[in-house]
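In what follows, every heavy atom counts, from backbone to side chain, and hydrogens, waters and symmetry copies are set aside. First the proteins, then the strands, lettered A, B, ... as listed; each starts at 1.
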Protein chains: 2
Amino acid sequence: MRLTLYTDYALRTLIYLGLKGDRRASIREIAEAHRISENHLVKVVHRLGRGGFVETMRGRGGGLRLARPAAEIRVGDVVRFTEEDMALVACFQPPGESGGCALIDACRLQSLLGEALAAFMAVLDRRTLADLLAAPEREAVLARLGLGPGTTGVEAPRAPGNGE
Amino acid sequence: MRLTLYTDYALRTLIYLGLKGDRRASIREIAEAHRISENHLVKVVHRLGRGGFVETMRGRGGGLRLARPAAEIRVGDVVRFTEEDMALVACFQPPGESGGCALIDACRLQSLLGEALAAFMAVLDRRTLADLLAAPEREAVLARLGLGPGTTGVEAPRAPGNGE
DNA sequence: AATAAGATGCATCAGCAATGCACCTTATGG
DNA sequence: CCATAAGGTGCATTGCTGATGCATCTTATT
Ligand code: SF4
Ligand code: SF4
């Protein structure tokens with residue numbers, strides 16, 4: 001019962017971008033702030049881009065930023081999108097693959113687990129990225145990430161220029 | 001986001017034992033019925049025994065059966081007991097281990113995931129093994145497992161003697 | 001004794017998440 | 001236009017750990 005690091009990295013990235021507001025961030029910058037593998041993060045970011053969560057821009061002065069306001073990015077959607085394998089048990093995936101349980105089609109456990117998973121996701125769907133950013137501990141996060149205070153664009157979403 | 005096969009095997013075993021009622025079953029028997037590794041099941045059963053879910057008996061004529069009535073075995077408890085690693089993300093386990101996230105102590109995601117996990121387990125805690133056995137598809141399960149009908153003790157919970 | 005069960009520990013396998021590397025593509029700037 | 005700084009893409013490698021197999025011991029029945 002574990003989420004992949006991949007998913008957590010995706011969420012960390014979104015948090016970082018949310019704190020940074022309008023300004024773009026490069027993959028390297030984010031990887032260094034979090035002390036995580038840059039190579040791995042490349043794939044995470046790319047996927048987030050294809051999923052419409054972040055907007056990437058190549059070339060000099062490029063980088064990434066949130067594609068939508070933080071308040072419109074539901075945590076549940078991110079998890080659903082980045083976590084590849086949401087099959088709690090073997091029978092969740094289409095039959096014929098990986099063994100196949102003898103009880104399939106006649107097992108109540110199956111639906112119970114499905115129900116539990118739905119409850120899990122429901123909690124995550126109730127919150128957006130903005131909720132994660134609004135934490136009172138925000139300043140502490142900023143410090144840990146090496147971002148200065150007052151530069152997040154969160155309390156001043158209408159930053160004049162987005163020039164990097 | 002996956003439960004281990006270990007956990008699923010444990011639940012399958014309990015379902016099997018529940019259907020079998022008072023009669024003991026051997027590990028081999030259960031493994032064959034479910035077409036799963038006997039060696040692996042040995043460990044599962046052993047752990048279930050240490051956890052007080054099943055009652056094992058060695059030697060000839062030995063085997064295992066439920067240690068408590070099915071209605072008193074909560075699904076959530078079984079999952080909690082058999083699933084070793086319930087740390088959804090790295091930060092769930094005590095600090096100092098496996099990297100350590102830069103956001104720890106200041107991350108809202110952490111508590112949100114904890115909340116979601118609690119919701120997940122709450123669903124499982126609401127049901128007992130008896131609920132899994134009472135499914136209308138019971139006959140189908142019995143057939144698939146090679147157990148004859150009318151021998152489960154489920155519809156006749158007040159079996160006169162518990163003699164094996 | 002012989003046999004049929006579970007108990008226990010160790011070795012091995014296999015899948016896949018995680019990581020690294022090489023190279024390509026796109027954009028900016030001078 | 002070329003140099004450079006970004007992201008895009010594919011493939012190779014590593015490492016963890018769940019899953020499996022095997023050998024041996026212990027316990028109980030007949
Ligand atoms: S026992 Fe039930 S939940 Fe588990 S794999 Fe079989 S059908 Fe699915
Ligand atoms: S980002 Fe938050 S949830 Fe993820 S590991 Fe760090 S502290 Fe935990």
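- Across the protein-nucleic acid pair, A/H46 atom NE2 and C/dA18 atom P stand 19 Å apart, rounded to whole Å.
- Side chain to side chain, B/Y16 and B/E29 meet the donor-acceptor criterion of an N or O pair below 3.5 Å.
- Interatomic distance, CG of A/L17 versus CZ of A/R23, reported as 11.0 Å (0.5 Å rounding).
- Taking every side-chain heavy atom of B/T56 into account, C/dA7 is the closest of C/dA7, C/dA18, C/dT26.
- Along DNA chain C, the nucleotide nearest A/G59 and the nucleotide nearest A/T7 are compared for position; the residue whose nucleotide lies closer to the 5' end is A/T7.
- Although no hydrogens or angles enter the test, the distance criterion places no donor-acceptor pair under 3.5 Å between the side chain of B/E83 and the main chain of B/L3.
- In this model, no side-chain donor or acceptor of B/R60 finds a partner on the base of D/dT30 within 3.5 Å.
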For residues 114-125 of chain A, dump all side-chain donor-acceptor pairs below 3.5 Å to protein atoms at least two apart in sequence or in another chain.
unit_1, atom_1, unit_2, atom_2, d
A/D125, OD1, A/R80, NH2, 2.7
A/D125, OD2, A/R80, NH2, 2.8

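- Atom CZ of A/R35 and atom P of C/dT19 are 15 Å apart (whole Å).
- Of the possible donor and acceptor atoms, none in the side chain of A/R127 sits under 3.5 Å from a partner among the backbone N and O of A/D131.
- Atom pair B/L3:CG and D/dA19:C1' shows a separation of 15 Å (rounding to whole Å applied).
- One hydrophobic cluster holds both A/L88 and A/L112 under the rule that ILVMFWY side chains link at heavy-atom gaps under 4.5 Å.
- Taking only side-chain nitrogens and oxygens, A/Y9 comes nearer than 4.0 Å to OP1 or OP2 of C/dT19.
- Counting to the nearest Å, the P atom of D/dG10 and the CZ atom of A/R50 are 9 Å from each other.
- The residue A/H40 sits close to a base: some heavy atom pair falls under 4.0 Å.
- In this structure, the CE atom of B/M57 is 11 Å from the C1' atom of C/dG6, given to the nearest Å.
- Between A/M1 atom CE and D/dG18 atom C1' there is a gap of 17 Å when expressed in whole angstrom units.
- Within 4.0 Å of A/G49, counting heavy atoms only, lies no atom of the nucleic acid at all.
- With D/dA19, C/dA18, C/dA5 as the candidates, the nucleotide lying closest to the side chain of B/Y6 is D/dA19.
- Residue B/V45 is classed as having no contact, given no heavy-atom separation below 4.0 Å to the nucleic acid.
- Contacts between residues 76-85 of chain A and DNA chain C, defined by a heavy-atom separation below 4.0 Å, involve no residue at all.
- Ranking D/dA19, D/dC22, D/dT9 by closeness to the B/N39 side chain, first place goes to D/dC22.
- Residue A/E38 contributes atom CD, which lies 10 Å from atom P of D/dA6 at whole-angstrom precision.
- Separating the CD1 atom of B/I27 from the P atom of C/dT8 is a distance of 12 Å, rounded to the nearest angstrom.
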Side-chain donor-acceptor contacts of residues 32-43 of chain B below 3.5 Å, not counting sequence neighbours, with atom names and distances?
unit_1, atom_1, unit_2, atom_2, d
B/S37, OG, B/N39, N, 3.3
B/S37, OG, B/H40, N, 3.0

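- Residue-to-nucleotide contacts include a donor-acceptor pair under 3.5 Å from the side chain of A/K43 to the base of C/dG20.
- The side chain of A/R58 has C/dT26 as its nearest neighbour among C/dG6, C/dA18, C/dT26.
- For A/S37, a side-chain nitrogen or oxygen approaches OP1 or OP2 of C/dG20 to under 4.0 Å.
- A 6.0 Å sphere centred on CZ of B/R50 holds no more than 12 heavy atoms belonging to other residues, nucleotides or ligands.
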